[in-house]
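Structure, as structure tokens:
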Amino acid sequence: MSQKFLRLRDVQRRIPYSRSSIYLMISRGEFPRQVSLGGRAVAWLESEIDEWIASRIGNRKDDGSATRQ
């Protein structure tokens with residue numbers, strides 16, 4: 001399986017959070033940590049972002065608060 005890096009803008013296109021919110025969630029252990037690419041460049045593993053999104057969907061199904069039709 002090949003890994004793909006996502007830069008911050010790419011991550012923000014996938015989730016509706018600001019840069020500061022993403023870094024706050026990282027500091028709380030609630031979001032995947034970034035990977036240093038050298039210098040000041042960082043990125044996130046696409047697979048970890050996908051897993052995080054899937055876990056949010058799973059939480060919605062498990063918490064019983066979802067509206068059922």
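Counting from 1, the numbers follow the sequence of the chain as shown. Every value quoted in this text rests on a predicted model; they were computed, and no experiment measured them.
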Practice task
Name all residues meeting the side-chain hydrogen bond (donor to acceptor under 3.5 Å, both in side chains) criterion together with Glu46; count only those two or more places apart in sequence or in a different chain, and write none if there are none.
Solution key: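 If we apply the side-chain hydrogen bond (donor to acceptor under 3.5 Å, both in side chains) test to Glu46, skipping adjacent residues, the hits are Arg14.
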Practice task
Using the test side-chain hydrogen bond (donor to acceptor under 3.5 Å, both in side chains), find all partners of Ser55 that sit at least two apart in sequence or belong to another chain.
Solution key: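 Scan of Ser55 (side-chain hydrogen bond (donor to acceptor under 3.5 Å, both in side chains), adjacent residues dropped) gives none.
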Problem - Partners passing salt bridge (charged side-chain N to carboxylate O under 4.0 Å, His left out) against Arg13 (at least two apart in sequence or in another chain) - result: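 By the salt bridge (charged side-chain N to carboxylate O under 4.0 Å, His left out) rule, Arg13 matches Asp10.
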Exercise for the section: Go through Leu6 and Leu45 one step at a time and tell me if the side-chain contact (heavy atoms from CB on, under 4.5 Å) criterion holds. Expected result: CA-CA 6 Å; Leu6 299 176; Leu45 289 175; over 6 Å; no
Problem - Value rounded to 0.5 Å, distance of OG in Ser47 from NZ in Lys4 - result: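 Atom-to-atom, Ser47:OG and Lys4:NZ are 12.0 Å apart.
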Handout entry: Distance, nearest 0.5 Å, that separates CZ of Arg56 from CD of Glu51
Key =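 Atom-to-atom, Arg56:CZ and Glu51:CD are 12.0 Å apart.
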Handout entry: Verify same cluster id: Trp52, Phe5 (apolar side-chain graph, 4.5 Å)
Key =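 No; Phe5 is not reachable from Trp52 via cluster members.
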Practice task
Decide yes or no on side-chain contact (heavy atoms from CB on, under 4.5 Å) for Trp44 and Ile22, but give the supporting numbers first.
Solution key: CA-CA 11 Å; Trp44 286 259; Ile22 290 171; 4.2 Å; yes
Going by atom type alone, with no hydrogens or angles, which donor-acceptor pairs under 3.5 Å involve a side-chain atom of residues 23-41 and a protein atom two or more places apart or on another chain?
| residue | atom | partner | partner atom | Å |
| --- | --- | --- | --- | --- |
| Ser27 | OG | Leu24 | O | 2.7 |
| Ser36 | OG | Gly38 | N | 3.4 |

